[in-house]
Amino acid sequence: MPSNPERTAASETVADFAFEVRFGLVLYGGVSLAIYMNGVTTELYEMVCATPRTGVSCRRTTGTREIYRRLAWLAANPALRDEYANRLHRRARGELRPGEDAWNDELCEKFQPARLVVDVISGTSAGGINGIF
């Protein structure tokens with residue numbers, strides 16, 4: 001659902017996102033799944049932290065937050081997706097220099113990312129406990 005940048009009278013800030021990708025999460029019970037579900041919720045936390053309300057930076061991060069940061073741009077921009085796919089193909093064919101990343105930070109500065117948001121978390125038993133955390 002695309003949204004237009006909105007200005008607020010108090011702060012005169014502009015929305016930093018092209019749109020939001022919203023998630024709802026249901027975690028079922030089962031102690032044997034508790035560790036697995038905790039891993040899933042931890043990754044969703046990393047995803048949300050990678051696209052904070054204040055905006056996504058083009059500055060690189062570490063770990064999976066970097067993957068989610070890139071995903072935020074790719075989800076919102078078909079032209080960037082095409083360019084990234086092209087660079088991945090070029091890397092596979094050996095056309096990029098050794099060690100050169102297929103991701104182009106300069107390109108992302110020309111686009112607005114999507115924001116990744118978890119709206120609702122519910123669960124039962126061990127899933128409810130993991131949802132709380």
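FYI, the numbering just counts along the sequence from 1. FYI, side chains are in, hydrogens and waters are out, and symmetry mates aren't considered; it's all heavy atoms of this structure.
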Note to self: Within the structure provided, determine whether R22 and R115 are in side-chain contact (heavy-atom separation under 4.5 Å).
What the structure shows: no
Margin query: A side-chain contact here means heavy atoms from C-beta on lying under 4.5 Å apart; do R69 and T51 qualify?
Written below: no
Notebook entry, point to check: Where do R65 and A50 come nearest, in terms of heavy atoms and distance?
Noted result: O-CB, 3.5 Å
Notebook entry, point to check: Which atom names give the shortest non-hydrogen contact between A76 and A114, and what distance separates them?
Noted result: CB-N, 3.5 Å
Using the rule that two of Ile, Leu, Val, Met, Phe, Trp, Tyr join whenever any of their side-chain heavy atoms come within less than 4.5 Å, decide whether [X] and [Y] are in one cluster.
X   : Y    : value
Y45 : I67  : no
V21 : V118 : yes
L88 : L96  : no

Looking at [atom1] of [X] and [atom2] of [Y], how far apart are the two atoms once the value is rounded to the nearest 0.5 Å?
X    : Y    : atom1 : atom2 : answer
N86  : R81  : CG    : CZ    : 14.5 Å
Q112 : F19  : CD    : CZ    : 10.5 Å
S125 : L27  : OG    : CG    : 11.5 Å
F23  : I121 : CZ    : CD1   : 11.5 Å

Item checked: ring pair (Phe, Tyr, Trp, His ring centres under 6.0 Å): pairs with one or both residues in residues 78-99, sequence neighbours excluded -> Y84-W103
Next item on the list: Share the residues that join V26 in a hydrophobic cluster, the rule being Ile, Leu, Val, Met, Phe, Trp or Tyr side chains under 4.5 Å apart at the heavy-atom level.
Entry: Y28
With sequence neighbours excluded, residues passing salt bridge (charged side-chain N to carboxylate O under 4.0 Å, His left out) with [X]:
X    : value
R90  : E95
R70  : E66, D101
E100 : R87, R97

Item checked: Any residue meeting side-chain contact (heavy atoms from CB on, under 4.5 Å) with L71, in chain and number order, not counting sequence neighbours -> Y68, L116
Next item on the list: Please step through side chain to side chain contact (heavy atoms under 4.5 Å, CB included) for the pair L74 and L80, ending with a clear verdict.
Entry: CA-CA 6 Å; L74 294 173; L80 186 60; 4.2 Å; yes
